[in-house]
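Quick caveat, the model's predicted, so the values are computed rather than measured. Just so you know, these numbers use all the heavy atoms, side chains as well, and skip hydrogens, waters and symmetry mates.
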Amino acid sequence: MTHIFHQGAVDFSVGYKVQTTWGFQEAMTFVLEGLGASLFFVALLADNVAGMSAGIVVLVLSGALLMSHLGRPMNMIYVMANFRHSWMSRGAVIIPLFIGLGLLLVLAQGLLGWSPSQGWRQAIQVVFFVLATFTVLKSGLVLSTFPAIAFWNGGLLPVIFALSGLSAGLAVFTAFDAFLVDRLVWLTPALTVALGLALATHLITMKNGSRAAKVSVELIKERHALPFYGAGVGLGIVVPLALGILAAVDADSGSRYLWAAIAVTRLLGDIVVRDVLLKVGVFDKVR
């Protein structure tokens, strides 16, 4: 096995260093960002204030985890300061903007009973489409800006994270509101297939890439095979895909219990895949 040591460890030999700064907490932050943004936007399209509220709550939870990662709330000021050059800084500004505008919309529609006209409704949907698109892509864009970790580069990580968040958000919303079942019943299976293809393409590309990228792929096999392939791919992609196809082909089987199972398995898979992709990030050899 290739000589590997952990970030921060004292080791004077030549080897690959596994990053340990980002782990399960950061994976959960990314999962909640993608889920909250997708859930809010789909609920907005369905004019479901309860779903929009749930999306805002999930986004707030992701912000709380981020603040915990930073250590002190005041550190957020320094994160925001590099807006022009850092995807993390852009996220620290735009996601709170998403939360603030979403909260105002929920209060206006839910408490004040405001019903926007068709023109206003379309404008609001465009604004939140832009915000949601940025949010589901953001975590992958943040990781892709770490050139020292080859496994996080290549351009597909933002796509993987976006597809993961979108498919999970759709499944969760559909479990509680049948708005999408009759209109876009094949959308969740299609997104799940796209996610599986993007993930497989990324792994194959990295396996044929630089030596450090290959080491990351080897680490998945040697240290994280069961959670990644069993829970992440099997439970989180194959199972919801099969259940989604069943729900699409047989309308009578598309009950809330089935969609709830799709939502749970898709969410669990999202958490595991992001967690493992973070944990196998490897710096190139220290010379």
Side-chain angles (χ1 to χ4, degrees), residues 26 28-67 69 76-77 79-112 114-145 157-174 177 179-180 184 187-188 191 194-195 267 270 274:
E26 290 70 35
M28 282 299 304
T29 301
F30 295 159
V31 168
L32 293 176
E33 286 175 354
L35 174 62
S38 302
L39 185 56
F40 180 93
F41 184 69
V42 176
L44 175 64
L45 295 179
D47 199 24
N48 185 309
V49 177
M52 291 161 58
S53 302
I56 293 299
V57 170
V58 174
L59 283 173
V60 170
L61 290 175
S62 75
L65 279 177
L66 175 61
M67 296 294 286
H69 170 79
M76 183 63 74
I77 297 175
V79 174
M80 293 178 173
N82 198 26
F83 183 86
R84 292 180 57 190
H85 305 289
S86 169
W87 284 108
M88 186 176 293
S89 297
R90 292 164 188 157
V93 173
I94 293 176
I95 293 177
L97 176 63
F98 191 149
I99 293 172
L101 292 177
L103 185 58
L104 287 176
L105 184 60
V106 167
L107 292 175
Q109 291 192 230
L111 295 182
L112 302 180
W114 178 56
S115 181
S117 63
Q118 185 62 25
W120 271 106
R121 187 181 301 277
Q122 290 178 349
I124 290 169
Q125 289 174 353
V126 168
V127 169
F128 280 103
F129 172 78
V130 173
L131 291 173
T133 300
F134 170 85
T135 304
V136 298
L137 287 169
K138 189 271 298 181
S139 55
L141 291 170
V142 168
L143 295 181
S144 67
T145 60
L157 215 56
V159 176
I160 292 169
F161 280 20
L163 289 171
S164 199
L166 285 170
S167 57
L170 280 170
V172 169
F173 182 78
T174 308
D177 190 311
F179 168 75
L180 288 175
L184 300 170
L187 184 56
T188 298
L191 287 173
L195 170 61
L267 266 177
D270 193 0
R274 296 195 200 222

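Looking at Ser53 and Val49, their side chains come closer than 4.5 Å, going by heavy atoms from C-beta outward. Taking 4.5 Å as the limit, some side-chain heavy atom of Val159 sits within range of a side-chain heavy atom of Leu163. In this structure, Phe128 and Phe98 have side chains that are in contact, with non-hydrogen atoms separated by less than 4.5 Å.
Residue pairs meeting the side-chain hydrogen bond (donor to acceptor under 3.5 Å, both in side chains) criterion with at least one partner in residues 98-107, sequence neighbours excluded, do not occur; the list is empty. Applying the salt bridge (Lys or Arg N to Asp or Glu O under 4.0 Å) rule to pairs touching residues 48-67 yields nothing, sequence neighbours excluded. For the side-chain hydrogen bond (donor to acceptor under 3.5 Å, both in side chains) condition, the pairs that include at least one residue of residues 97-112, sequence neighbours left out, are Asp47-Gln109.
With sequence neighbours left out, the side-chain contact (heavy atoms from CB on, under 4.5 Å) criterion links Gln122 to Gln118. For Leu103, the side-chain contact (heavy atoms from CB on, under 4.5 Å) partners at least two apart in sequence or on another chain are Leu107. By the side-chain hydrogen bond (donor to acceptor under 3.5 Å, both in side chains) test, Ser164 pairs with Arg266, Asp270, sequence neighbours left out.
Between Phe30 and Phe161, the ring planes lie tilted relative to each other; the angle falls in the 30° to 60° range.
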Pairs of donor and acceptor atoms involving the side chains of residues 31-43, under 3.5 Å and at least two apart or interchain, shall be tabulated with distances.
from  : atom 1 : to     : atom 2 : distance (Å)
Glu33 : OE1    : Lys138 : NZ     : 3.1
Glu33 : OE2    : Lys138 : NZ     : 3.0
Ser38 : OG     : Gly34  : O      : 2.9
Ser38 : OG     : Gly165 : O      : 3.2

Distance-only donor-acceptor pairs under 3.5 Å for side chains of residues 54-62, two or more places apart:
from  : atom 1 : to    : atom 2 : distance (Å)
Ser62 : OG     : Leu59 : O      : 2.6

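When the shell of 6.0 Å around CH2 of Trp120 is examined, it contains 12 or fewer heavy atoms from other residues, nucleotides or ligands.
The two atoms that bring Thr145 and Val142 nearest to each other are OG1-O, 2.5 Å, heavy atoms only. A pairwise comparison of heavy atoms in Leu131 and Thr135 identifies O-OG1, 2.7 Å as the closest pair. Considering all non-hydrogen atoms of both residues, Ala162 and Leu137 come closest at CB-CD2, 3.7 Å. Leu112 approaches Ala108 most closely through the heavy-atom pair CB-O, 3.3 Å.
Between the CG atom of Leu44 and the CG atom of Leu105 there is a distance of 6.5 Å, given to the nearest 0.5 Å.
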- Message: Set out, in order, the CA-CA distance, both residues' side-chain angles and the distance that settles side-chain contact (heavy atoms from CB on, under 4.5 Å) for Glu26 and Ser139, then state yes or no.
- Response: CA-CA 10 Å; Glu26 290 70 35; Ser139 55; over 6 Å; no

